[in-house]
Every structure is written in structure tokens, then in C-alpha cells.
There are 2 protein chains.
Amino acid sequence: MNSFTEENYLKAIYKLTEQSVGNVTTNAIAEVMNTKAASVTDMVKKLADKKLVNYAKYQGVSLTKKGEDIAIQIIRKHRLWEFFLVNKLNFKWDEVHDIAEELEHINSSALIDRLDEFLGYPKYDPHGDPIPSKNGIFSANNFYKLLKLNEGDSGKVAGVCDHSNTFLQYLEKQKLGLGTSVYLTEKNEYDQSVVITTTDGRVLFLSKEVANNILIAK
Amino acid sequence: MNSFTEENYLKAIYKLTEQSVGNVTTNAIAEVMNTKAASVTDMVKKLADKKLVNYAKYQGVSLTKKGEDIAIQIIRKHRLWEFFLVNKLNFKWDEVHDIAEELEHINSSALIDRLDEFLGYPKYDPHGDPIPSKNGIFSANNFYKLLKLNEGDSGKVAGVCDHSNTFLQYLEKQKLGLGTSVYLTEKNEYDQSVVITTTDGRVLFLSKEVANNILIAK
DNA sequence: TATTTTTTTTAGACTAACCTAAAATATCCA
DNA sequence: TGGATATTTTAGGTTAGTCTAAAAAAAATA
Ligand SMILES: [Mn+2]
Ligand SMILES: [Mn+2]
Ligand SMILES: [Mn+2]
Ligand SMILES: [Mn+2]
């Protein structure tokens, strides 16, 4: 079994791998893990001993198949728990991440399989992120950044790129939760801001920054 | 905040206090915590520094109000999660304890309050143990040991004294789950074994040991 | 009550995960 | 291409929780 700390390192390396080309650097891990480079080196050696990462001095790390499988299972648990918190316990989407950070380390595959069944095998978490299946497969989506849509396009809010509480709460305030139907009324060339209309008739002005962080399913 | 280990010590001390008169001994804690007396002494000093236990060398320990409050909250979480696992995720009563041992350390009072609400504020866990309320109050029960009932008495299985998997699985096999209605047909003076009849007409022969570990609500 | 046995504490050591400071290596750029 | 800068690793130390062995205190018993 792996400790919580080891699991968190694997998850961090997985997420950094998604964002970067080539191996993940020591400093990058240190930053997301909120620790020092020296500590990362120690841990990375330990993970390499356990065959969870590939590591050579000064070369950065990559996950092995085994390490990646573990990382994906943790992400699966995280997102299933987030779905549970929002859809069964009525939490808001900006309230669940920290609790899921703890729940994701509960170690029981029976638990997570039954939770998955109880929730009806959801495909996406409350932020629109795909929930990997039991065997580690992510379902593909065809979501588009609101910023990239054309005037006249319509669709539903399907996810966010920025997961910060401030952004989620901003959308909450604008009543732009997951599933909200929107219609792109106007694109402003000058500052790339957009005007959208919701199906309940509200007209909203969104900046480039906001439009860039909203994903729409057409 | 307290570590998982500290929480487990507090819970162990709480449970030992229920069973014993006077202070809880170092050796007794070592036994239930599956550790050595020397380690217990170290931890007990730390808990005393944090004002969670009263401790004087060679005198054993007792929980302070603060320590007891924490212990009760952990028991609340443990039992609510057990209820969730059995009643929402369809686990058997002999499968939930170990998972609840992990879940009980998830640190969010919002989570546990909402879980409580979601579950309909249950009063007893799947083993008949009372679930303390948010403010730490256990509801009283009037359960009787099956062994102490008289011929002709009837009632429902409301709990168990032995929480071991072997005992729970034995009852499962006999279809004597929580809520089963039973009628005491016969008491055998010689070996204190009993014969009971369930409402669905099954006649069961139970030894003294078994009858002593089943709680009945009349 | 004195001696033996048991319980508890202390002393000293280990591991995991972290730290700081310094050394080693890699990268950048004039 | 060589020196400056940035990154990474090493060396050595800390804390929490554990351990074993030995010392101290309490309890049991003769
Ligand atoms: Mn999250
Ligand atoms: Mn999420
Ligand atoms: Mn339990
Ligand atoms: Mn229970």
C-alpha cells in the first residue's frame, strides 16, 4: 500500500504530465505539492524504488504504467466523491474539492465501485471533468471554450477550466451552473468579451478571461 | 487539528472507559491499539500536553471534556458512515467496520451534518449502536439480551454485543439481521440455550453464547 | 513485611516526510 | 565557448510515531 503522501505525489505528477511535454521537473512538483525541491528528490527516489516512476538524476520523472494506474484511480475516487457531495448531499460546486482531497485516499475498491453504482455511473464530475471508469478509461468529450464559439452558437455549460473557488463562485453568482443553456448573442472583437443569453432570458456580459474558462457542449 | 493516530487513541480510551471502572491503563490501551506500552506512554503524554487526557505517571488516564467530545464525534462519524454503507450502498453489516475506520477521520463537520440529514437522522447504526447527535447526545435504548428474555416474550433483533465478523456472518446465515421479529419458544435450563421462532416461521436453536450477544427490542 | 512479579516509564534508536544550506550539474547567453 | 544563473541533488537535521531493552514503581504474594 502507498501512503497518502505517495498518492498525492503520483496524482501531482499525473496532472503535470498532462500539461507539459516531456518529463516532469522536480521544481514543478515542488510547487504543486507545496514543498521544497529537496523533499521532492527524496520522494521521487522512493517512488522509483517502488517502480511507480521512471527517474534518472537531473532528468525529471515520468509515471510508469503502475504509477499511472494508481494516479487514475485516485482521480476516479476524487471525482466520484465530488459528484456524490454535489448530487446527493447538496454541496455547491465550489465547496467540494477539499473534502474530496481527503475522501480520495479511502482505500476500498468495493466502496468506490458501489458508490459508482449508487450514483448511476456518472461520466463527469461537478466541474465537467471526466470520471475514469473502473478500468481507467476516460470518456472523451466534445466541449468547446465559450470564447471560441461563434455568434449564434448555443449549447450548455459543461465544464470549467479554472477550478478556483473565486471563479466557481463568480459563475454561481451569475447563475451559470453546469447544464445552463446559453446562446452566444455577440462577440466583441476589440476585447474578446462576449454577450450571452440564457434560456430563461437573462443577458450576461462576460470578459475574455471568463469566456476562456467556460466549456460548452453544443 | 489532531492526527489520525491521536484520534484513534482518544476513541480507544473512550471505549475502554465505558468498559472499566477508574482510569484506563497503559497496557489496556496498548492492547487495543495494537502497539507497545512504551509507545502508549509517549502518546499519552502528548495528549496530556494538548489537554485531551488527564494523566499522572503510573495512574492511568481519563479523557478531559475536550478529549471526550472529540472521541464522541469520531464515533458519530464512524456510525453514520456505517449506516450509509449498509443502507445506501448495500453493504452487509459485517463488511462496513474497516471502511468506517477510515471514513471516521475525514475532517469536515459540514460533510457529516449533511450526511446525517441525507440519511434521515438515524438513531442507530447497522449493529444497533446509538449514533450520537451533533451535540454529542446518545439516545437511550431499551434493548434486552435475548438470553435474559422469558419464554413467550417476543421482539425484534435490535443490536449485537459481539461485533466480530464471524458472529455477524453467523447471524446473517441464520437470517437474523437487524429488525428480524422473533418469539422465544423455549429456554433450556441446563445449558441456557434457547429456541426461537421467527415471524416467517423458522425455528432456530441458539446457544447461550449466541443468545448472550443478541439484543432484542421488545 | 520482604520478596517476587507485573506494570509502567525512560533511554536510545528507527523510518517517513519534511526542512536548510551547500555542492553538483545543467542551461543560458554574451 | 566560457562564465553567470538556475535547477537539482546531497548532506545533515527535525518531528511524529513507532520499537526494544533496561530502569523504576506498583501490585501481588509468601
Ligand atoms: Mn477537485
Ligand atoms: Mn472536480
Ligand atoms: Mn464499526
Ligand atoms: Mn457499528
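Order of the sequence lines sets the chain letters (A, B, ...), proteins ahead of strands, with each chain counted from 1.
- Each of A/Y58 and A/M43 was assigned the nucleotide of DNA chain C with the nearest heavy atom; the assignment lying further toward the 5' end belongs to A/M43.
- Residue A/N34 contributes atom CG, which lies 11 Å from atom P of C/dC18 at whole-angstrom precision.
- Residue B/T41 is in base contact, counting any heavy-atom pair closer than 4.0 Å across all strands shown.
- B/F4 comes within contact range of no nucleotide atom at all, as no heavy-atom separation falls under 4.0 Å.
- Checking the phosphate oxygens (OP1, OP2) of C/dC18, a side-chain nitrogen or oxygen of A/Y9 falls inside 4.0 Å.
- Distances shorter than 4.0 Å separate some side-chain N or O of A/T35 from OP1 or OP2 on C/dC19.
- Rounded to whole Å, the distance from NZ on A/K45 to P on C/dT15 is 16 Å.
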Check: residues 7-15 of chain A side-chain donor-acceptor pairs under 3.5 Å, at least two apart:
| unit_1 | atom_1 | unit_2 | atom_2 | d |
| --- | --- | --- | --- | --- |
| A/E7 | OE1 | A/H105 | ND1 | 2.6 |
| A/N8 | OD1 | A/H105 | NE2 | 3.0 |
| A/N8 | ND2 | A/F4 | O | 3.4 |
| A/K11 | NZ | A/E101 | OE1 | 2.9 |
| A/K11 | NZ | A/E101 | OE2 | 2.9 |
| A/K11 | NZ | A/E104 | OE1 | 3.2 |
| A/K11 | NZ | A/E104 | OE2 | 2.7 |

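- Residue A/S39 is classed as a base contact, given a heavy-atom separation below 4.0 Å to a base.
- Annotation: A/F84 is in aromatic contact with B/F84 [ring centroid separation under 6.0 Å].
- Classification of the B/W93-B/H127 ring pair by plane angle, with boundaries at 30° and 60°, yields parallel.
- Between A/K57 and C/dA26, a side-chain N or O to OP1/OP2 separation shorter than 4.0 Å is absent.
- Summarising the geometry, the separation between CD on A/E6 and C1' on C/dC18 is reported as 14 Å, rounded to the nearest angstrom.
- Rounded to a whole Å, the CG atom of A/D42 is 9 Å from the P atom of D/dT10.
- A cation-pi arrangement is present between B/K88 and B/F118 under the rule of less than 6.0 angstrom and at most 45 degrees off the ring axis.
- A donor-acceptor pair under 3.5 Å is absent between the side-chain atoms of B/D125 and the main chain of B/E82, judged by distance alone.
- At the phosphate of D/dA21, neither OP1 nor OP2 sits under 4.0 Å from any side-chain N or O atom of B/K36.
- In summary, B/D69 and B/K65 engage in a salt bridge, as defined by a charged side-chain N under 4.0 Å from a carboxylate O.
- The stretch residues 12-31 of chain A touches DNA chain D through A/T25, A/T26, A/N27, each having a heavy atom within less than 4.0 Å of the strand.
- In this model, the phosphate group of C/dT9 is approached by a side-chain N or O of B/Y55 to a distance below 4.0 Å at OP1 or OP2.
- Applying the ring pair (Phe, Tyr, Trp, His ring centres under 6.0 Å) criterion to B/F143, with sequence neighbours excluded, gives B/Y124.
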